[in-house]
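Have a look at the structure below before the remarks.
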Amino acid sequence: MSLVTQINKEKVPQHIAIIMDGNGRWAKKQGENRIYGHYEGVNSVRDVVAAAGEVGVKYITLYAFSTENWNRPKEEVDALMELLVSTITAETPQLNNKNVRLQAIGNLNSLPPACLQELNESIELTSKNTGLTLVLALSYSSKWELISAVKQIAADAKNGLVNIEDITEKNIEQYLCTKHIPDPELMIRTSGEHRISNFLLWQLAYAEFYFTDKLWPDFRKDDLYEAILNYQNRERRFGKTSDQLTQL
Ligand code: FPP
């Protein structure tokens with residue numbers, strides 16, 4: 001039986017977050033430079049977005065460029081930015097065909113103007129789509145996001161718009177980049193690394209983590225299905241006991 005047919009459509013995570021890792025190592029294994037790995041990684045992005053849409057995932061967030069990635073060699077940063085622009089431009093018609101809505105989170109104003117412009121255009125052109133929402137985390141890090149949120153809350157408190165005593169979880173969520181996006185139930189990281197690298201620290205509080213040794217350019221549709229099936233076999237307790245859950 002194929003993997004996709006084994007997936008219980010009633011229990012598909014509505015939001016999957018992915019740390020796409022291993023492009024550089026993949027390229028090195030082929031005797032190529034790191035940038036070749038990023039180009040190949042775009043094929044996995046295409047595959048995984050299609051697969052997620054087909055099984056009814058509502059949101060997929062891809063960690064495409066972290067705040068820390070700005071510290072990579074200039075030629076790699078420039079190549080990644082160029083790749084983002086060319087991919088976003090080239091893929092927008094396909095996103096529309098597949099009813100995918102594009103969104104982005106992160107310090108977007110730090111992106112090169114051409115990249116930001118393409119991104120905004122694509123976000124606008126796909127904004128009416130009602131299928132999967134593809135969220136690109138760009139120039140994103142969780143600590144940056146939390147610092148920005150704390151600054152905004154402090155400013156609102158100072159201006160009398162927020163009562164410090166009234167601050168709640170829900171309230172804080174309104175100050176995060178993900179305010180209109182439900183928390184991921186599943187986080188996948190490729191390439192055998194077992195870290196979350198400053199990615200969605202608040203939002204992943206109750207997510208199930210799935211790690212695979214596959215390098216990102218080798219991660220394709222069936223790998224996503226395998227991760228979803230693995231997720232569906234887990235018991236999500238949210239701090240309760242197993243017995244409490246079965247009594248429901
Ligand atoms: C991590 O691999 C990957 C990245 C930092 C970039 C991810 C970008 C893409 C897959 C291409 C563009 C994506 C979109 C959404 C258009 P690494 O370079 O850290 O690999 P390594 O750990 O083997 O060095």
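Atoms within a ligand are numbered from 1 in the order they appear, just like the ligands themselves.
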- [ ] Please report which non-hydrogen protein atom sits nearest to atom 3 (C) of ligand 1, along with the residue it belongs to and the distance in Å to one decimal place.
- [x] M20 O, 3.2 Å

Open item on the list: One residue to check: M81. Relative to ligand 1, which of side chain, backbone, both or neither has a non-hydrogen atom less than 4.0 Å away?
Closed with: neither

Task: Contact atoms of ligand 1, heavy-atom distance to N69 under 4.0 Å - done: 5 (C)

- [ ] Determine the sole option in T89, T87, T92 for which the side-chain hydrogen bond (donor to acceptor under 3.5 Å, both in side chains) test with S122 is passed.
- [x] T92

Open item on the list: List ligand 1 atoms under 4.0 Å from R25, heavy atoms only on the residue side.
Closed with: 21 (P), 22 (O), 23 (O)

TODO: For T87, counting its heavy atoms only, list the atoms of ligand 1 lying under 4.0 Å from any of them.
DONE: 16 (C)

Open item on the list: For a side-chain hydrogen bond (donor to acceptor under 3.5 Å, both in side chains) check, start with the C-alpha distance between T133 and Q103, then their side-chain angles and the critical distance, and finish with the verdict.
Closed with: CA-CA 7 Å; T133 298; Q103 293 198 336; 5.6 Å; no

Task: Side chain, backbone, both or neither: the part of K28 lying under 4.0 Å from ligand 1 by heavy atom - done: neither

TODO: Hey, could you give me the NZ/CG distance between K214 and D223, rounded to the nearest 0.5 Å?
DONE: 3.5 Å

Open item on the list: Checking a contact table here: which protein heavy atom is nearest atom 4 (C) of ligand 1, and how many Å away?
Closed with: H38 CE1, 3.9 Å

Open item on the list: For ligand 1 and L80, I'd like to know whether there is a polar contact (N/O to N/O, distance under 3.5 Å).
Closed with: no

TODO: Indicate yes or no: does E145 engage K179 in a salt bridge with an N to O separation below 4.0 Å.
DONE: no

Open item on the list: Geometry only, no angles: is R72 polar-contacting ligand 1 at N/O separations under 3.5 Å?
Closed with: yes

- [ ] Quick one: look at N23 and ligand 1, take heavy-atom pairs under 4.0 Å, and tell me if it's side chain, backbone, both or neither.
- [x] both

Task: Atoms of ligand 1, numbered as shown, that sit under 4.0 Å from any heavy atom of A64 - done: 6 (C), 7 (C), 8 (C)

Open item on the list: Below 3.5 Å, N or O to N or O, backbone or side chain included: is there any such pair between D21 and ligand 1?
Closed with: yes

TODO: Evaluate side-chain hydrogen bond (donor to acceptor under 3.5 Å, both in side chains) for S191 paired with D21, printing each intermediate quantity in order.
DONE: CA-CA 6 Å; S191 92; D21 197 9; 3.1 Å; yes

- [ ] Determine whether any heavy atom of S191 lies closer than 4.0 Å to an atom of ligand 1.
- [x] no

Open item on the list: Using a 4.5 Å cut-off between side-chain heavy atoms of Ile, Leu, Val, Met, Phe, Trp and Tyr, which other residues end up in the same hydrophobic cluster as I35?
Closed with: Y39, V42, L83

TODO: Give the atoms of ligand 1, by number and element, whose distance to some non-hydrogen atom of R34 is under 4.0 Å.
DONE: 17 (P), 18 (O), 24 (O)

Task: Residues E193, R25: salt bridge by 4.0 Å N-O rule - done: yes

Task: Inter-residue atom distance E118.CD - I123.CD1, 0.5 Å rounding - done: 11.5 Å

Open item on the list: Please list the nearest protein heavy atom to atom 12 (C) of ligand 1 with its residue and the distance rounded to 0.1 Å.
Closed with: V42 CG2, 4.0 Å

Open item on the list: To the closest 0.5 Å, what do you measure between CD1 (I164) and CG (D156)?
Closed with: 11.5 Å

- [ ] Pick one of side chain, backbone, both or neither for how I88 approaches ligand 1, counting any non-hydrogen atom pair under 4.0 Å.
- [x] neither

Open item on the list: Within ligand 1, which atoms have a heavy atom of L136 less than 4.0 Å away?
Closed with: 15 (C)

Open item on the list: Side chain, backbone, both or neither: which applies to L84 and ligand 1 if a contact is any heavy-atom pair less than 4.0 Å apart?
Closed with: side chain

TODO: Could you tell me the separation between the CE atom of M81 and the CH2 atom of W70, rounded to the nearest 0.5 Å?
DONE: 3.5 Å

TODO: On the 0 to 90° scale, with breaks at 30° and 60°, tag the Y63-Y140 ring pair as parallel, tilted or perpendicular.
DONE: perpendicular

